[in-house]
Number of protein chains: 2
Amino acid sequence: MQQDAEELAQAMRQGCLGVRIGRLHRLVSRRFDLALRPLGLTLPQLEILAALQIGGRLKPGAIADALAVERSTISRNLSRMEGQGWIRVESAPSGYSKAAELTDAGAEVLAGAGDAWNRTQEAVLELLGSDSPAVLDGWLAQLSKAGDG
Amino acid sequence: MQQDAEELAQAMRQGCLGVRIGRLHRLVSRRFDLALRPLGLTLPQLEILAALQIGGRLKPGAIADALAVERSTISRNLSRMEGQGWIRVESAPSGYSKAAELTDAGAEVLAGAGDAWNRTQEAVLELLGSDSPAVLDGWLAQLSKAGDG
DNA sequence: CGCATCTTGTTGCATATACAACTTCCTTGC
DNA sequence: GCAAGGAAGTTGTATATGCAACAAGATGCG
């Protein structure tokens, strides 16, 4: 059935998931990025540092898969972080395959971000409720299972 | 207690809300934007069209407040949309206060987006569960109540 | 009335993100 | 071994977003 502008606007207002999730992202990422700002890093960057801390040497494509980000995005984010000296990106001598890993400076920044992260995480957890991470994980599992369909 | 890099990385992996919400946003907004692409608009733009459909003439600052977006972001988004001819932005003759409203073309685009929006909304709702909008609304209410603190 | 202040909108600068197109390397199949 | 196809990264282009700094009104108080 054809829907007119007013109906769609009301339906979106009532329950658009995209709108709600976008707003949630703005409100929460602002808090994390604000807390991390004195350290000169952002939450997506911290996420990459943590992935490398856990995974050791990782290829860009593997990071992209792990974080559910496009390869092109990872490519640029790694460039910036390499510029900061937090990671090292090595091209295999043969030429093609690459691998990224934490530098000492990167591990230090990561460790130094602990307080800011803890503070923010606790504040947000307090607001959203202690079950929110599990709820989010359930949603993410569903989305991953569904793939790009 | 001082946390080292490994501990922080593990803690983030276990439950970082910022990371989870960022990923949720990427996965869901990709779906909406993909569905809307043939119409030449994005979800944030559709959100603004819907806000104007419901609210009539609105000042940029009021839109920013309603969508929980920075004034600077709204300023640029409105420019782009005005360029598309979907909205009209009038400066009060006296000079300062502005107001935006839908054009006929904007209302048409909004109405035309109904099918794509419905399809995507239903698909995502199926994945996240029918209670997900209410859960998100609860979280957003908490975050709004807390303000920028 | 006039100045100090608050409100609003814009612009500079930077990040994150995506899709598309391109390059390059690697893998298979013949 | 070589050519065709797939995988991996980069780069072009565009949007969304935020903070800071600035510009321009609008307001209120003395």
Side-chain angles (χ1 to χ4, degrees), chain A residues 18-19 21-48 58-65 67-84 86 89-100 148, chain B residues 18-19 21-48 58-65 67-84 86 89-100 148:
Chain A
V19 162
I21 289 167
R23 181 178 306 203
L24 180 66
H25 178 241
R26 287 193 292 274
L27 293 171
V28 171
S29 72
R30 278 209 279 256
R31 284 175 177 258
F32 278 96
D33 283 341
L34 187 65
L36 294 171
R37 176 174 299 269
L39 296 158
L41 84 168
T42 65
L43 184 59
Q45 290 167 1
L46 183 58
E47 190 181 0
I48 292 176
L58 292 175
K59 302 203 303 176
I63 303 175
D65 289 347
L67 309 196
V69 161
E70 280 295 302
R71 293 198 310 279
S72 60
T73 298
I74 284 295
S75 176
R76 285 180 245 246
N77 290 0
L78 290 180
S79 286
R80 276 189 282 263
M81 293 174 69
E82 188 176 26
Q84 297 285 325
W86 297 334
V89 180
E90 288 164 13
S91 301
S94 67
Y96 198 54
S97 187
K98 291 196 166 185
D148 297 327
Chain B
V19 163
I21 289 167
R23 180 176 309 201
L24 180 66
H25 178 240
R26 286 193 292 276
L27 293 171
V28 171
S29 73
R30 279 208 279 255
R31 285 174 177 261
F32 278 96
D33 283 341
L34 187 65
L36 293 172
R37 177 175 299 268
L39 296 158
L41 84 167
T42 65
L43 184 58
Q45 289 166 1
L46 183 59
E47 190 181 0
I48 292 176
L58 292 174
K59 303 202 302 175
I63 302 175
D65 289 348
L67 309 197
V69 162
E70 280 294 303
R71 295 197 307 279
S72 59
T73 297
I74 283 296
S75 175
R76 285 180 244 247
N77 291 0
L78 291 180
S79 288
R80 275 189 282 262
M81 293 175 68
E82 188 176 27
Q84 296 285 327
W86 298 334
V89 181
E90 287 164 14
S91 302
S94 66
Y96 199 53
S97 187
K98 292 195 165 185
D148 298 326

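Letters go in sequence order (proteins before strands), and every chain restarts at 1. Not measured: the values here are computed from a predicted model.
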For the residue pair [X] and [Y], what are the closest heavy atoms and their distance?
{"X": "B:His25", "Y": "A:Gly22", "answer": "CD2-CA, 3.6 Å"}
{"X": "A:Glu47", "Y": "B:Arg26", "answer": "OE2-NH2, 4.2 Å"}
{"X": "B:Ala100", "Y": "B:Ile63", "answer": "CB-CD1, 4.5 Å"}
{"X": "A:Met81", "Y": "A:Gln45", "answer": "CE-O, 3.5 Å"}
{"X": "A:Leu27", "Y": "B:Ala68", "answer": "CD2-CB, 4.3 Å"}
{"X": "B:Leu36", "Y": "B:Thr42", "answer": "CD1-C, 3.8 Å"}

Measure the distance from [atom1] on [X] to [atom2] on [N] and round it to the nearest whole Å.
{"X": "A:Arg26", "N": "C:dA16", "atom1": "CZ", "atom2": "P", "result": "18 Å"}
{"X": "B:Arg80", "N": "C:dT10", "atom1": "CZ", "atom2": "P", "result": "13 Å"}
{"X": "A:Asp33", "N": "D:dT17", "atom1": "CG", "atom2": "C1'", "result": "10 Å"}
{"X": "B:Ile63", "N": "D:dT17", "atom1": "CD1", "atom2": "C1'", "result": "16 Å"}
{"X": "B:Leu34", "N": "C:dT17", "atom1": "CG", "atom2": "C1'", "result": "14 Å"}
{"X": "B:His25", "N": "C:dT17", "atom1": "NE2", "atom2": "P", "result": "10 Å"}
{"X": "B:Arg23", "N": "C:dA18", "atom1": "CZ", "atom2": "C1'", "result": "17 Å"}
{"X": "A:Leu36", "N": "D:dC19", "atom1": "CG", "atom2": "P", "result": "13 Å"}

Distances for protein N/O vs nucleotides 7-10 of chain D N/O pairs under 3.5 angstrom?
{"residue": "D:dA8", "atom": "N3", "partner": "A:Tyr96", "partner atom": "OH", "Å": "2.1"}
{"residue": "D:dG9", "atom": "OP2", "partner": "A:Gly61", "partner atom": "N", "Å": "3.0"}
{"residue": "D:dG9", "atom": "N7", "partner": "A:Arg71", "partner atom": "NE", "Å": "3.0"}
{"residue": "D:dG9", "atom": "N7", "partner": "A:Arg71", "partner atom": "NH2", "Å": "3.2"}
{"residue": "D:dG9", "atom": "O6", "partner": "A:Arg71", "partner atom": "NH2", "Å": "3.2"}
{"residue": "D:dT10", "atom": "OP1", "partner": "A:Lys98", "partner atom": "NZ", "Å": "2.5"}
{"residue": "D:dT10", "atom": "OP2", "partner": "A:Ser75", "partner atom": "OG", "Å": "2.6"}

Short side-chain N/O contact from A:Asn77 to OP1 or OP2 of C:dT17, under 4.0 Å: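 So the side-chain polar atoms of A:Asn77 do come within 4.0 Å of the phosphate oxygens OP1 or OP2 of C:dT17, strictly under.
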N or O in side chain of B:Thr73 less than 4.0 angstrom from D:dA16 OP1/OP2: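 No, because none of the side-chain N or O atoms of B:Thr73 sits under 4.0 Å from OP1 or OP2 of D:dA16.
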Stepwise side-chain contact (heavy atoms from CB on, under 4.5 Å) test for A:Leu46 and A:Phe32: CA-CA 10 Å; A:Leu46 183 58; A:Phe32 278 96; over 6 Å; no
Closest to the B:Thr42 side chain, choosing from D:dA16, D:dG18, C:dA18: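 In terms of side-chain proximity for B:Thr42, the closest of D:dA16, D:dG18, C:dA18 is D:dA16.
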Shortest side-chain distance from A:Arg30, nucleotide among D:dG18, C:dA18, C:dT15: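 Nearest listed nucleotide: D:dG18.
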